[in-house]
Trainee: 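Dumping the structure here so I can ask a few things about it.
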2 protein chains.
Amino acid sequence: MSQHRPPGAPERSVAVPALPDLPEATVARLPEYLRALHNLAENGHETVSSEWLATAAGVNSAKLRKDLSHLGSYGTRGVGYDVALLIDQIEYVLGLTQRRTVALVGVGNLGHALAGYDGFATRGFRIAALFDADPVRVGEEINGLVVRHVDELSRVATEESIAIGVIATPAAAAQRVADRLVAGGVTSILNFAPCVLTVPDGVDVRKVDLAVELQILSFHEHRKASLTALPAAGEATLTPLPGSLAATDPQEAIGT
Amino acid sequence: MSQHRPPGAPERSVAVPALPDLPEATVARLPEYLRALHNLAENGHETVSSEWLATAAGVNSAKLRKDLSHLGSYGTRGVGYDVALLIDQIEYVLGLTQRRTVALVGVGNLGHALAGYDGFATRGFRIAALFDADPVRVGEEINGLVVRHVDELSRVATEESIAIGVIATPAAAAQRVADRLVAGGVTSILNFAPCVLTVPDGVDVRKVDLAVELQILSFHEHRKASLTALPAAGEATLTPLPGSLAATDPQEAIGT
DNA sequence: AAGCGCTTGTGAAGACACGCACAAATCGCG
DNA sequence: CGCGATTTGTGCGTGTCTTCACAAGCGCTT
Ligand SMILES: NC(=O)c1ccc[n+]([C@@H]2O[C@H](COP(=O)([O-])OP(=O)(O)OC[C@H]3O[C@@H](n4cnc5c(N)ncnc54)[C@H](O)[C@@H]3O)[C@@H](O)[C@H]2O)c1
Ligand SMILES: NC(=O)c1ccc[n+]([C@@H]2O[C@H](COP(=O)([O-])OP(=O)(O)OC[C@H]3O[C@@H](n4cnc5c(N)ncnc54)[C@H](O)[C@@H]3O)[C@@H](O)[C@H]2O)c1
């Protein structure tokens with residue numbers, strides 16, 4: 001995650017937009033803009049105002065304009081943005097002009113759903129390989145791809161130039177899988193297992209955790225309830241230490 | 001999302017922590033701490049230092065201490081935090097002392113995986129109902145729950161006091177489903193469909209979009225590549241506007 | 001060709017988040 | 001009983017993100 005730049009490189013201003021240093025918050029919103037733009041393009045719109053696009057993406061219009069201004073000035077005052085041009089710009093910046101290959105590890109419950117998901121293909125990615133450790137699963141064909149054994153992971157990742165690894169194994173196996181991905185030269189990982197991964201510098205990890213999302217929602221539920229029901233002492237029947245709820249997570253302990 | 005508090009209420013310091021106003025960033029990290037704490041508890045640890053817990057949760061220790069300090073002072077200087085106590089505190093704040101009921105709408109590819117996921121139960125939630133629009137799917141039994149028709153959604157949501165709705169339908173159907181959830185009194189929604197939902201004030205929506213995550217990773221890949229390969233003009237063979245890549249998303253246009 | 005309405009791009013201010021660094025507190029030991 | 005080792009809780013400087021508000025630019029109309 002080192003954000004340094006070699007001070008020797010004199011920042012030669014090529015004709016290419018040359019990958020400006022986008023704020024991370026902006027990067028996280030660009031995909032949303034892109035999706036909204038594709039919708040507009042399908043509906044035959046050729047231009048769109050920041051107000052419109054912002055609404056479609058669910059953000060403030062000033063924020064959207066500032067985000068887009070970081071890519072360069074591709075809007076026309078008094079008119080708006082050219083939809084097709086903007087799509088190309090954002091896709092270029094996001095690196096979607098070359099379709100990235102994805103390896104999916106862990107073809108269980110969730111993995112099956114992901115393997116069969118058409119959203120990969122339609123949004124710029126290609127699943128190039130599936131892996132699992134279960135001998136029963138290895139060899140199975142899903143969507144035209146044969147599940148390989150995870151022992152082949154590093155080798156295949158290198159051979160097929162896998163760009164992104166998706167981990168859908170139990171948490172206990174996730175770190176091992178991540179290590180193998182890294183060994184295979186993968187520098188981007190999307191982790192669905194509820195655990196923290198340790199990876200070398202230069203490798204990006206993003207995590208999607210269903211339970212985290214639900215618990216955040218739960219907090220707000222709790223808050224809303226305590227605001228409306230406080231005067232009547234509604235939910236405040238606290239039960240300070242109600243034993244232990246749930247706990248025992250089958251997904252083994254932290255191995256450190 | 002109105003963050004106001006009635007200025008009349010004199011902030012009576014009850015025995016209950018009384019739901020402090022947590023920064024949103026803190027709320028988003030609490031579930032991660034909770035998971036790490038459960039791991040520690042399973043391994044028999046009774047106390048933990050901020051340093052340890054921070055590492056396990058993948059954050060800076062000062063940040064962790066500040067986060068926890070917002071819940072009140074439950075640590076002991078020179079010793080650390082009592083694991084069991086902290087678990088109870090965080091679960092209380094997150095509103096997990098009462099197990100929240102979840103309704104899952106859209107039992108397709110992804111929905112099946114979610115319905116069969118044990119992470120709901122082990123992390124404080126209970127799936128109370130499944131819904132789908134496809135007559136073939138309605139009636140199917142998954143994990144002891146019968147799939148109901150989505151027309152029953154509002155009614156059942158009210159009857160069963162559903163706290164959280166999870167949307168796993170195609171994007172084109174998501175807004176309609178959200179409307180029905182809201183009509184049934186649901187005030188928290190987790191949306192897996194790639195679209196923006198419009199909901200009344202007081203209803204919280206969180207979105208999980210696989211493609212967004214991948215595209216963010218793609219950006220960083222692109223960036224890493226352009227940094228290392230720039231001097232040799234590696235990937236910089238730009239092809240400024242390479243026609244249109246992919247596009248045509250089968251998931252219908254924005255219905256506004 | 002000038003005016004007018006519309007929309008972009010951005011300066012500035014405020015809000016929020018982060019992380020260092022240290023004082024205050026606690027424990028264990030001699 | 002006092003001291004040193006340890007760890008929490010937090011004040012503060014710094015940087016990032018958001019939002020407002022408006023000047024500058026564009027095209028259309030007259
Ligand atoms: N199912 C869901 O809806 C869901 C939702 C959110 C998160 N998750 C998380 O995703 C992960 C997978 O969930 P699931 O429900 O698919 O579990 P699962 O048990 O159905 O599937 C896990 C798969 O990983 C394989 N596996 C185990 N060890 C492996 C290894 N070392 N290398 C390669 N493959 C290995 C197993 O053979 C199995 O096929 C879990 O960490 C879970 O917590 C699941
Ligand atoms: N499959 C994945 O791995 C994956 C990953 C990320 C996001 N998603 C998103 O999740 C959603 C579901 O994906 P999927 O692969 O499960 O699709 P799917 O087509 O397999 O399942 C969709 C289900 O929703 C049902 N449905 C359709 N309209 C409905 C309505 N009005 N009310 C109730 N149910 C309705 C369908 O009958 C079907 O069973 C999509 O929006 C997809 O983009 C899927």
Side-chain angles (χ1 to χ4, degrees), chain A residues 1-5 17 20-33 36-37 40 45-83 85-86 89-90 93 216 219, chain B residues 1-5 17 20-33 36-37 40 45-86 89-90 93 216 219-220:
Chain A
M1 295 297 180
S2 53
Q3 296 273 17
H4 295 290
R5 184 189 307 173
D21 253 343
L22 300 185
E24 194 56 33
T26 296
V27 175
R29 282 187 294 264
L30 288 180
E32 208 62 46
Y33 303 156
L37 285 165
L40 287 167
H45 294 76
E46 302 204 339
T47 64
V48 62
S49 72
S50 66
E51 204 68 52
W52 225 109
L53 184 53
T55 304
V59 302
N60 179 305
S61 72
K63 187 152 59 177
L64 179 133
R65 285 198 298 278
K66 190 152 285 184
D67 284 342
L68 295 187
S69 78
H70 287 125
L71 316 185
S73 289
Y74 293 103
T76 309
R77 293 164 164 195
V79 177
Y81 298 90
D82 182 290
V83 172
L85 176 61
L86 203 48
Q89 275 307 319
I90 294 180
V93 169
I216 294 172
F219 168 80
Chain B
M1 295 292 181
S2 54
Q3 294 272 20
H4 295 291
R5 184 190 304 173
D21 252 343
L22 301 185
E24 193 56 33
T26 296
V27 175
R29 283 186 294 264
L30 288 181
E32 210 61 46
Y33 303 156
L37 284 165
L40 287 167
H45 293 76
E46 302 204 340
T47 64
V48 63
S49 73
S50 65
E51 205 68 52
W52 225 107
L53 185 53
T55 305
V59 302
N60 178 302
S61 72
K63 187 152 58 179
L64 178 133
R65 286 198 298 277
K66 190 156 290 184
D67 284 343
L68 295 187
S69 77
H70 286 126
L71 316 185
S73 290
Y74 294 103
T76 308
R77 292 159 126 104
V79 177
Y81 299 89
D82 182 290
V83 172
L85 176 60
L86 203 47
Q89 274 308 318
I90 295 180
V93 169
I216 294 172
F219 168 81
H220 292 295

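In what follows, chains carry the letters A, B, and so on, assigned in the order in which the sequence lines appear, proteins first and then strands, with residues in each chain numbered from 1.
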Trainee: Roughly how many Å is it from NZ in Lys63(B) to P in dC16(C), rounded to a whole number?
Mentor: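 About 17 Å, once rounded to whole Å.
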Trainee: Starting at atom CD of Glu24(A), determine the distance to atom C1' of dG15(D), rounded to an integer number of angstrom.
Mentor: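 So the two atoms are 15 Å apart, to the nearest Å.
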Trainee: Rounded to the nearest 0.5 Å, how far does OG of Ser50(A) lie from CG of Leu53(A)?
Mentor: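 Separation between the atoms: 8.0 Å.
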Trainee: Residues in side chain to side chain contact (heavy atoms under 4.5 Å, CB included) with His45(B), at least two apart?
Mentor: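 His45(B): side chain to side chain contact (heavy atoms under 4.5 Å, CB included) contacts with Leu40(B), Asn43(B).
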Trainee: Compare the minimum distances between each of dT10(D), dG9(C), dT19(D) and the side chain of Ser73(A), then state the nucleotide with the smallest one.
Mentor: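 The closest nucleotide is dG9(C).
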Trainee: Tell me: CG of Asp67(A) to P of dT8(C), nearest whole Å?
Mentor: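 It is 14 Å, rounded to the nearest whole Å.
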Trainee: Between atom CG in Leu64(A) and atom P in dT18(D), what is the gap in whole Å?
Mentor: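 Nearest whole value for this atom pair: 12 Å.
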Trainee: Kindly say if Asn60(A) contacts the phosphate of dC20(D), meaning a side-chain N or O under 4.0 Å from OP1 or OP2.
Mentor: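 The answer is yes; a side-chain N or O of Asn60(A) sits under 4.0 Å from OP1 or OP2.
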Trainee: Just verifying a value: how many Å separate Leu86(A) CG and Tyr33(A) OH, rounded to the nearest 0.5 Å?
Mentor: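 The OH atom of Tyr33(A) is 10.5 Å from CG of Leu86(A), to the nearest 0.5 Å.
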Trainee: If I take atom CG in residue Asp21(A) and atom P in nucleotide dT16(D), what distance separates them, rounded to the nearest angstrom?
Mentor: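 Spelled out: CG on Asp21(A) to P on dT16(D) is 10 Å.
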Trainee: Output side-chain donor-acceptor pairs under 3.5 Å for residues 75-85 of chain B, partner residues at least two apart or in another chain, one line each.
Mentor:
unit_1, atom_1, unit_2, atom_2, d
Asp82(B), OD1, Ala84(B), N, 3.1
Asp82(B), OD1, Leu85(B), N, 2.8

Trainee: Tell me what Ala25(B) touches on the nucleic acid: a base, only sugar-phosphate, or nothing, going by heavy atoms under 4.0 Å.
Mentor: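 Here Ala25(B) touches the backbone only, sparing every base.
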Trainee: Rounded to the nearest Å, what distance is computed from the CH2 atom of residue Trp52(B) to the C1' atom of nucleotide dT8(D)?
Mentor: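 Spelled out: CH2 on Trp52(B) to C1' on dT8(D) is 19 Å.
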Trainee: Any pair with a residue in residues 51-64 of chain A that passes salt bridge (Lys or Arg N to Asp or Glu O under 4.0 Å), sequence neighbours left out, goes on the list, sorted by first then second residue, please.
Mentor: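 Qualifying pairs: none.
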Trainee: Is any side-chain heavy atom of Leu22(A) closer than 4.5 Å to one of Leu71(A)?
Mentor: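 The answer is yes; the side chains approach within 4.5 Å.
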Trainee: Using side-chain hydrogen bond (donor to acceptor under 3.5 Å, both in side chains) as the criterion, list what pairs up with Thr55(B), not counting sequence neighbours.
Mentor: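 Result, side-chain hydrogen bond (donor to acceptor under 3.5 Å, both in side chains) vs Thr55(B): none returned.
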Trainee: If you pin Lys66(B) and Ser49(B) to their nearest nucleotides in DNA chain D, which one's is more 5'?
Mentor: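 Result: Ser49(B).
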Trainee: Starting from C1' on dC6(C), measure out to OH on Tyr81(A) and report it in whole angstrom.
Mentor: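 Answer to the nearest Å: 14 Å.
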Trainee: Under the side-chain hydrogen bond (donor to acceptor under 3.5 Å, both in side chains) test, which residues partner Thr26(A), sequence neighbours left out?
Mentor: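 Scan of Thr26(A) (side-chain hydrogen bond (donor to acceptor under 3.5 Å, both in side chains), adjacent residues dropped) gives Asp67(A).
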Trainee: Going 5' to 3' through nucleotides 22-30 of chain D, assign each nucleotide B (protein heavy atom under 4.0 Å from a base atom), S (under 4.0 Å only from sugar-phosphate atoms) or - (no protein heavy atom that close).
Mentor: --BBBS---
Trainee: Provide, to the nearest angstrom, the distance between the CG atom belonging to Leu30(B) and the P atom belonging to dA17(C).
Mentor: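 Rounding to the nearest Å, CG of Leu30(B) and P of dA17(C) are 13 Å apart.
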Trainee: Could you work out, with side chain to side chain contact (heavy atoms under 4.5 Å, CB included) as the rule, every residue matching Ala25(A), not counting sequence neighbours?
Mentor: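 Partners of Ala25(A) under the side chain to side chain contact (heavy atoms under 4.5 Å, CB included) test: Arg29(A).
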Trainee: Could you pull out the protein-nucleic contacts involving nucleotides 28-30 of chain C (nitrogen or oxygen on both sides, under 3.5 Å)?
Mentor:
none

